[in-house]
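Here is the structure we will look at.
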Amino acid sequence: MKYYILFGPPGAGKGTQATSMVERYNLRHISTGELLRKEIKAGTELGLQAKALIEKGCLVPDEVVEGMIESEFNTVKGVDGFLLDGFPRTIAQAQALDQMLAKRNEQLTAVVSIMIPDQMIIDRISHRAAIEGRADDANVDIIKNRIATYHNQTEPEIEYYAKNGKYNEIDGVGTIEEVRDRIFALVDKF
Ligand code: AP5
Ligand code: MG
């Protein structure tokens, strides 16, 4: 099985590029953000707790998302691998993922990191706000807080994965098709 992490700041294009990756490589796309939004929509206890944090641009507790990932690993069949979008987002989550994979006698295939500058994050997310109506896209202060959360809590993972040779960075500036082709050129090698 292949295990890919699709890494990158908010609005980098993780969800967009995941669509073509799952098709080309027969992967299951797991977006913790999407799973959390489903819980919110369904009005579950977990959703209620997550809502307040997400709408401030903060992360939900590590254990919550780790449980979601493990349950997908245990139940999804018939794919050649998994594409993790928005997970792991902290060093603790990265360590938890290593343990989950070790328990399954598997290892991470690669981190595919889509990089764009902060100003482009704001432009893309502000544009998406009108289309998707996500509460965490609704104003610039929340978007800025998501960017700060990314720099403070998620960016340290780059060093974590660079050290074990799994980190691969893709320039996320360009058309959707240009970025897709850069990703395919990289992932075709694994
Ligand atoms: P999540 O849903 O993961 O949001 P995010 O990381 O902020 O990323 P986005 O979904 O906003 O962006 P994306 O990279 O998918 O970009 P997209 O393809 O949509 O997480 C939401 C929240 O949930 C978090 O803030 C946190 O609270 C919580 N959470 C989730 N996971 C967690 C975890 N592991 N631990 C703790 N908390 C967690 O593209 C953006 C826009 O740009 C779209 O409109 C798209 O059409 C456009 N676009 C894409 N590519 C291009 C291009 N090349 N050119 C022009 N436009 C483009
Ligand atoms: Mg997304």
Side-chain angles (χ1 to χ4, degrees), residues 4-22 29-41 46-72 82-97 100 111-157 160 169-184:
Y4 294 105
I5 295 172
L6 196 51
F7 185 88
K14 301 184 292 295
T16 304
Q17 298 298 338
T19 311
S20 21
M21 290 179 75
V22 291
H29 176 212
I30 311 177
S31 159
T32 41
E34 274 173 26
L35 291 173
L36 290 164
R37 284 188 287 279
K38 267 189 206 153
E39 296 281 339
I40 294 174
K41 213 170 166 196
L46 193 157
L48 277 176
Q49 286 169 8
K51 188 174 189 302
L53 292 163
I54 291 176
E55 290 179 6
K56 277 191 281 192
C58 301
L59 298 181
V60 306
D62 291 334
E63 314 77 66
V64 171
V65 284
E66 287 161 14
M68 289 177 154
I69 295 286
E70 189 143 42
S71 123
E72 294 276 317
F82 291 89
L83 182 60
L84 307 180
D85 161 358
F87 178 91
R89 241 179 167 98
T90 61
I91 296 287
Q93 289 178 23
Q95 290 165 337
L97 175 63
M100 277 184 236
V111 177
V112 179
S113 170
I114 308 175
M115 228 16 96
I116 63 170
D118 286 358
Q119 184 53 48
M120 191 172 280
I121 300 176
I122 297 176
D123 295 345
R124 285 193 187 171
I125 292 183
S126 304
H127 176 74
R128 186 181 61 191
I131 302 166
E132 290 189 15
R134 265 173 61 172
D136 60 344
D137 288 352
N139 76 58
V140 170
D141 288 336
I142 306 174
I143 300 170
K144 284 189 174 156
N145 202 30
R146 286 164 63 194
I147 296 174
T149 302
Y150 166 78
H151 286 303
N152 296 332
Q153 292 180 257
T154 307
E155 210 167 45
E157 286 181 11
Y160 183 87
E169 198 164 289
I170 295 283
D171 181 5
V173 181
T175 65
I176 290 173
E177 293 72 25
E178 282 166 347
V179 178
R180 179 200 61 200
D181 290 347
R182 286 173 203 148
I183 294 176
F184 285 175

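We count ligands from 1, going down the list as the structure has it; atoms in each ligand are counted the same way. Numbers here are sequence positions counted from 1.
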Can you report which non-hydrogen protein atom sits closest to [atom], along with the distance?
| atom | answer |
| --- | --- |
| atom 26 (C) of ligand 1 | Cys58 O, 3.6 Å |
| atom 35 (N) of ligand 1 | Gln93 NE2, 2.9 Å |
| atom 45 (C) of ligand 1 | Thr16 OG1, 3.7 Å |
| atom 9 (P) of ligand 1 | Arg128 NH1, 3.5 Å |
| atom 7 (O) of ligand 1 | Arg146 NH2, 2.7 Å |
| atom 20 (O) of ligand 1 | Arg89 NH2, 3.4 Å |
| atom 31 (N) of ligand 1 | Thr32 OG1, 2.7 Å |
| atom 16 (O) of ligand 1 | Gly13 N, 3.2 Å |

Inset, instruction - Walk me through it: do Val60 and Gln49 pass the test side chain to side chain contact (heavy atoms under 4.5 Å, CB included)? - result: CA-CA 8 Å; Val60 306; Gln49 286 169 8; over 6 Å; no
Inset, instruction - Please determine if Arg146 and Asp137 form a salt bridge, counting it only when a charged side-chain N lies under 4.0 Å from a carboxylate O. - result: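 Looking at Arg146 and Asp137, the cut-off is met.
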Inset, instruction - Determine, for Lys38 against Glu34, whether the closest basic-nitrogen to carboxylate-oxygen distance falls under 4.0 angstrom. - result: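 No, no charged N to carboxylate O under 4.0 Å.
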Inset, instruction - Run down the list Leu36, Leu6, Val60, Asn145 and name the one with the heavy atom closest to atom 36 (C) of ligand 1. - result: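 Going through Leu36, Leu6, Val60, Asn145 one by one, Val60 has the nearest heavy atom to atom 36 (C) of ligand 1.
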Inset, instruction - Look at atom 51 (C) of ligand 1 and find which of Arg180, Arg124, Lys14 reaches it with the closest heavy atom. - result: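 The nearest heavy atom belongs to Arg124.
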Atom pair [atom1] ([X]) and [atom2] ([Y]), whose distance is rounded to the nearest 0.5 Å:
| X | Y | atom1 | atom2 | value |
| --- | --- | --- | --- | --- |
| Ile183 | Ser20 | CD1 | OG | 7.0 Å |
| Ile5 | Ile30 | CD1 | CD1 | 11.5 Å |
| Leu97 | Gln93 | CG | CD | 9.5 Å |

Legend entry - Candidate list Val64, Ile69, Leu59, test side chain to side chain contact (heavy atoms under 4.5 Å, CB included), partner Thr32, passing option: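 Of Val64, Ile69, Leu59, side chain to side chain contact (heavy atoms under 4.5 Å, CB included) with Thr32 is met by Ile69 alone.
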Only heavy atoms of [X], strictly under 4.0 Å: list the atoms of ligand 1 that pass.
| X | value |
| --- | --- |
| Asp136 | 21 (C) |
| Val65 | 32 (C), 33 (C), 34 (N), 35 (N) |
| Pro10 | 5 (P), 7 (O), 8 (O), 12 (O) |
| Gly15 | 13 (P), 15 (O), 18 (O) |
| Thr175 | 53 (N) |
| Arg37 | 2 (O), 21 (C) |

So does [Y] get a backbone contact from the side chain of [X], meaning a donor-acceptor N/O pair under 3.5 Å?
| X | Y | value |
| --- | --- | --- |
| Thr149 | Gly57 | yes |
| Thr154 | Arg89 | yes |
| Glu70 | Gly67 | no |
| Lys14 | Gly8 | yes |

Inset, instruction - Test Gln17 against Asp85 for side chain to side chain contact (heavy atoms under 4.5 Å, CB included), laying out the working first. - result: CA-CA 10 Å; Gln17 298 298 338; Asp85 161 358; over 6 Å; no
Contact between [X] and ligand 1, counting heavy atoms under 4.0 Å?
| X | result |
| --- | --- |
| Gln17 | no |
| Arg134 | yes |
| Gly174 | yes |
| Ala12 | yes |
| Gly11 | yes |

Inset, instruction - May I ask you to check whether Phe87 has an N/O atom sitting below 3.5 Å from an N/O atom of ligand 1? - result: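 No, Phe87 has no N/O under 3.5 Å of an N/O on ligand 1.
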Inset, instruction - Quick one: do Ile54 and Arg134 satisfy side chain to side chain contact (heavy atoms under 4.5 Å, CB included)? Show the steps, please. - result: CA-CA 10 Å; Ile54 291 176; Arg134 265 173 61 172; over 6 Å; no
